[in-house]
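Keep in mind that the numbers below use all heavy atoms, side chains included, and drop hydrogens, waters and symmetry copies.
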Amino acid sequence: MINFIGTYECKIDAKGRFMMPVSLKKQLAPVLQEGFVLKRSVFQSCLELYPMKEWNEMMVRMNKLNRFKKKNNDFIRRFTAGVKTVEIDANGRLLIPKDLIHIASITKNLTVSSAINIIEIWDKESYEQAIDEAAVDFADLAEEVMGDDTTELLS
């Protein structure tokens, strides 16, 4: 499993391309040739860049869903809506398709942020706003998600 590190600010050009930060490009080197999948995020107004191996692992999990349940079909349709395969070109640029630029409200400045095994691509202002909003409750969230709850050990 690959684990990415870092948050970077970039500029997107008129064609929808941005230069992948050098540090991140080095981290992507082992998976660069396989390509990537770019999709809208489930919970945020950003995009998620999956290395192809990570995407295929996600699809294996999703393929186990019972397609005879409407809820599962609806989820799969929404999860894969707008999904695109993308590559980083020889110059180190990633082209974001226009429909995904619109979905994520990306303007001139964007933030590229690691999210463990995927990379999030945000409009810079949206990213800063999301971080500011989350900062207020982050201590409580950290305790709830990562805290050692000994009551679970007793049951």
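Other residues, nucleotides and ligands contribute only 12 or fewer heavy atoms inside 6.0 Å of the NZ atom of Lys26. Within 6.0 Å of atom CD in Glu57, more than 12 heavy atoms from other residues, nucleotides or ligands are found, so the atom counts as buried in its surroundings. Counted within 6.0 Å of CD1 on Ile116, heavy atoms from surrounding residues, nucleotides or ligands total 12 or fewer; the atom is thus considered open. Summarising the local packing, CD of Glu34 is surrounded by more than 12 heavy atoms from other residues, nucleotides or ligands at distances under 6.0 Å. Atom CD of Glu128 has more than 12 heavy atoms from other residues, nucleotides or ligands within 6.0 Å.
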Query raised in the report: Please walk me through it: do Ile96 and Arg17 pass side-chain contact (heavy atoms from CB on, under 4.5 Å)?
Result: CA-CA 6 Å; Ile96 303 175; Arg17 299 173 301 191; over 6 Å; no
Query - Check against side chain to side chain donor-acceptor pair (under 3.5 Å), Ser105 and Asp123 - result: CA-CA 6 Å; Ser105 302; Asp123 176 73; over 6 Å; no
**Report entry** Verdict with supporting geometry, Phe75 and Leu65, side-chain contact (heavy atoms from CB on, under 4.5 Å)
**Finding:** CA-CA 10 Å; Phe75 172 75; Leu65 295 173; 4.1 Å; yes
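The shortest non-hydrogen separation linking Cys10 to Met19 is SG-O, 3.8 Å. The two residues Ser23 and Tyr8 come nearest to each other via the heavy atoms OG-OH, 3.1 Å. Contact detail for Val42 and Glu48: the closest heavy-atom pair is N-OE2, 4.4 Å. Shown here for Leu95 and Lys15, the closest heavy-atom pair between the two residues is CD1-O, 3.0 Å. The minimum heavy-atom distance linking Leu100 with Arg40 is given by the pair CD2-N, 4.5 Å. Taking both residues in full, the closest heavy atoms of Gln27 and Phe4 are given as OE1-CA, 3.3 Å, listed atom of the first, atom of the second, then distance.
For the pair Ser126 (side chain) and Trp122 (backbone), a donor-acceptor distance under 3.5 Å is absent. Judged purely by atom type and a 3.5 angstrom limit, Thr111 has no side-chain atom pairing as donor or acceptor with the backbone of Glu9. Using a distance-only test at 3.5 Å, with no hydrogens or angles considered, a donor-acceptor pair links the side chain of Asn66 to the main chain of Phe68. Between the Glu120 side chain and the Ser114 main chain, no donor and acceptor come within less than 3.5 Å of each other. A donor-acceptor contact shorter than 3.5 Å is absent between the side chain of Asn117 and the backbone of Ile2.
The distance from atom OG1 of Thr80 to atom CE of Met59, rounded to the nearest 0.5 Å, is 7.0 Å. Taken from NZ in Lys70 to CG in Asn73, the straight-line distance is 8.5 Å, to the nearest 0.5 Å. Distance CD1/Ile118 to OG/Ser41: 7.0 Å, rounded to 0.5 Å. Between the CE atom in Met62 and the CZ atom in Phe79 there is a gap of 5.0 Å [rounded to 0.5 Å]. Separating the CD1 atom in Ile119 from the CG atom in Leu38 is a distance of 10.5 Å, to the nearest 0.5 Å. Rounding to the nearest 0.5 angstrom, the gap separating the CG atom in Leu94 from the CD1 atom in Ile121 is 5.5 Å.
For the pair Val37/Leu49, no side-chain contact is recorded, criterion being any heavy-atom separation below 4.5 Å from C-beta on. Residues Tyr127 and Thr7 have side chains in contact (heavy-atom distance under 4.5 Å, counting atoms from C-beta outward).
Linking ILVMFWY side-chain heavy atoms closer than 4.5 Å, directly or via other members, places Val31 and Met52 in two distinct hydrophobic clusters. Transitive grouping of hydrophobic side chains (ILVMFWY, heavy atoms separated by less than 4.5 Å) keeps Trp55 and Leu28 in distinct clusters. Linking ILVMFWY side-chain heavy atoms closer than 4.5 Å, directly or via other members, places Val112 and Leu32 in a single hydrophobic cluster. Note on Phe43 and Ile106: separate hydrophobic clusters, where clusters join Ile, Leu, Val, Met, Phe, Trp and Tyr whose side-chain heavy atoms are under 4.5 Å apart, directly or indirectly.
Taking a cutoff of 4.0 Å between a charged side-chain nitrogen and a carboxylate oxygen, Asp74 and Arg77 qualify as a salt bridge. Residues Lys84 and Asp99 are paired through a salt bridge, judged by an N-O separation under 4.0 Å between the basic side chain and the carboxylate.
Remark: Lys39 fails to qualify as a cation-pi partner of Tyr50 under the 6.0 Å distance and 45° angle criteria applied to the six-membered ring.
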